[in-house]
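Below: one structure in structure tokens.
Nothing here was measured: the structure is a model prediction, and the numbers come from that model.
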2 protein chains.
Amino acid sequence: MDRIDQQILSTLHDNARITISEMSRMIAMSQPAVTERLRKLEEQGIITGYRAEIAPSKLGKHTTAFVLFKSNKCKEFEAFGEAAPEIVDFYRTSGEYNYLLKVVTETSETLEAFLEACHAFGFSSTLVVLSTRFEDKSIVPSRSAAN
Amino acid sequence: MDRIDQQILSTLHDNARITISEMSRMIAMSQPAVTERLRKLEEQGIITGYRAEIAPSKLGKHTTAFVLFKSNKCKEFEAFGEAAPEIVDFYRTSGEYNYLLKVVTETSETLEAFLEACHAFGFSSTLVVLSTRFEDKSIVPSRSAAN
DNA sequence: CCTGAAAATATATCGCC
DNA sequence: GGCGATATATTTTCAGG
């Protein structure tokens, strides 16, 4: 993991569909060399995948919420969570609540219906997202810093 | 947005670096037709970008937490948030807390230091992620459903 | 909107340093 | 590790339905 690998990671974090040829021009390294570095970054599990970002609102999903959940029916709740299309992210957490869910629904009414369904498994506290300041900030050390 | 567009979205959600040729084979449609549909999905803002997923632990970031935050110094706190490399996601929320942050740090010690820095702007409640059951479940209606 | 064909790019693979 | 060269694959472009 040197500076060049960081540049590759950073570039792909910004645009995962860039061609290797274009990256090789930006980085000033040959295309086969970039291909090989990328192969190793994937092989080492540093890059775990590539995702298209899709605007929920364009698919009619206008409500995003974080649901803190307290359940002692863990097995059942996790099975429910796997199957629930509303749950986008599903974490186990420490603290008073033992789960945190990111939930995307069409409206606040469908969010309410989802929360009702959850109440078979425990208690929840919900934070509705009013706006997103930013998402997915890169965790790769920036090129400008003294690395 | 017909079934074919949904297949394209779903495929790119799973692997954003797949070639259009390969998608066209999967979908049984000519490659220029898929290219044109993809161009429109991007133009309409349905696809907002493509991201490489990078494993935080492979970059030495072993602690993930969600921080609920209550601040009345909104301008200052948001400026701080933009600049803080630890904050990956930054949301404004309804309820007792007015912000929710996803924070990725090296260790629980660096998380603690980050929380100390935050306390200049208000009060926080932190949920440390113990494990991730899943992340980024697709919001695209599945192909098997009767669409 | 889609297809098919041809020209322009990009990628995989190799021998070599 | 990386480079250059080349064969294969992909993308872009466009005429035609």
Tell me: CD1 of Ile4(B) to C1' of dC1(C), nearest whole Å?
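Interatomic distance, CD1 of Ile4(B) to C1' of dC1(C): 10 Å.
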Which listed nucleotide (dG4(C), dA10(C), dC1(C)) is nearest to the side chain of Pro32(B)?
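The answer is dG4(C), which lies nearest to the side chain.
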Find out whether the Lys NZ or Arg CZ of Arg92(A) is both under 6.0 angstrom from the six-membered ring centre of Tyr99(A) and within 45° of the ring's axis.
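Satisfied, under 6.0 Å and within 45°.
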Whole angstrom is fine here: how far is it from CZ in Arg39(B) over to C1' in dC14(D)?
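In whole Å, dC14(D) C1' lies 15 Å from Arg39(B) CZ.
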Does the separation of the ring centres of Tyr91(B) and Phe66(B) fall below 6.0 angstrom?
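For Tyr91(B) and Phe66(B), the ring centres are not under 6.0 Å apart.
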Over how many whole Å does the gap from Glu36(B) atom CD to dC14(D) atom P extend?
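After rounding, the gap between these two atoms is 13 Å.
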Could you check how far CD1 of Ile18(A) sits from P of dA10(C), rounded to whole Å?
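Spelled out: CD1 on Ile18(A) to P on dA10(C) is 10 Å.
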Of Ala33(B) and Thr35(A), whose nearest nucleotide on DNA chain C comes first from the 5' end?
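Upstream on the strand: Ala33(B).
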dT11(C), OP1 or OP2 - any side-chain N/O from Ser21(A) closer than 4.0 Å?
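Checking dT11(C) against Ser21(A), a side-chain N or O does come within under 4.0 Å of OP1 or OP2.
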Assign the ring pair Phe114(B) / Phe80(B) to parallel, tilted or perpendicular, where the plane angle (0 to 90°) is split at 30° and 60°.
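Rings of Phe114(B) and Phe80(B): parallel, as their planes differ by under 30°.
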Can you tell me the distance, in whole Å, between the CD atom of Glu43(B) and the P atom of dC1(C)?
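Rounded to whole Å, this separation is 12 Å.
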Please report, rounded to the nearest Å, how far the P atom of dT10(D) is from the CZ atom of Arg17(A).
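In whole Å, dT10(D) P and Arg17(A) CZ are 12 Å from each other.
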Distance in angstrom units between Ile27(A) CD1 and dG2(D) C1', rounded:
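Answer to the nearest Å: 14 Å.
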I'd like to know if the side chain of Thr35(B) pairs up with that of Gln31(B) as donor and acceptor (distance under 3.5 Å, no hydrogens or angles considered).
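Per modelled atom types, Thr35(B) and Gln31(B) side chains form a pair under 3.5 Å.
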With Asp5(B), the side chain to side chain donor-acceptor pair (under 3.5 Å) member among Arg37(B), Lys40(B), Gln44(B)
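Between Asp5(B) and the candidates, side chain to side chain donor-acceptor pair (under 3.5 Å) is satisfied uniquely by Arg37(B).
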Ser30(A) side chain: which of dC1(C), dC3(D), dT11(C) is closest?
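So the side chain of Ser30(A) is nearest to dC3(D).
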Checking contacts here: which listed nucleotide (dT12(D), dT11(C), dT3(C)) is nearest the side-chain heavy atoms of Met29(B)?
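The closest nucleotide is dT3(C).
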So, OP1 or OP2 of dA9(D): does either fall under 4.0 Å of a side-chain N or O from Arg25(B)?
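For dA9(D), neither OP1 nor OP2 has a side-chain N or O of Arg25(B) closer than 4.0 Å.
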Between Arg37(A) and dG2(D), does any side-chain N or O lie under 4.0 Å from OP1 or OP2?
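Arg37(A) to dG2(D) OP1/OP2: side-chain N or O found under 4.0 Å.
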Toward the 5' end of DNA chain D, by each residue's nearest nucleotide, Val34(A) or Glu22(B)
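This one resolves to Val34(A).
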Let me know the distance between NZ of Lys40(B) and P of dC2(C), rounded to the nearest Å.
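Rounding to the nearest Å, NZ of Lys40(B) and P of dC2(C) are 7 Å apart.
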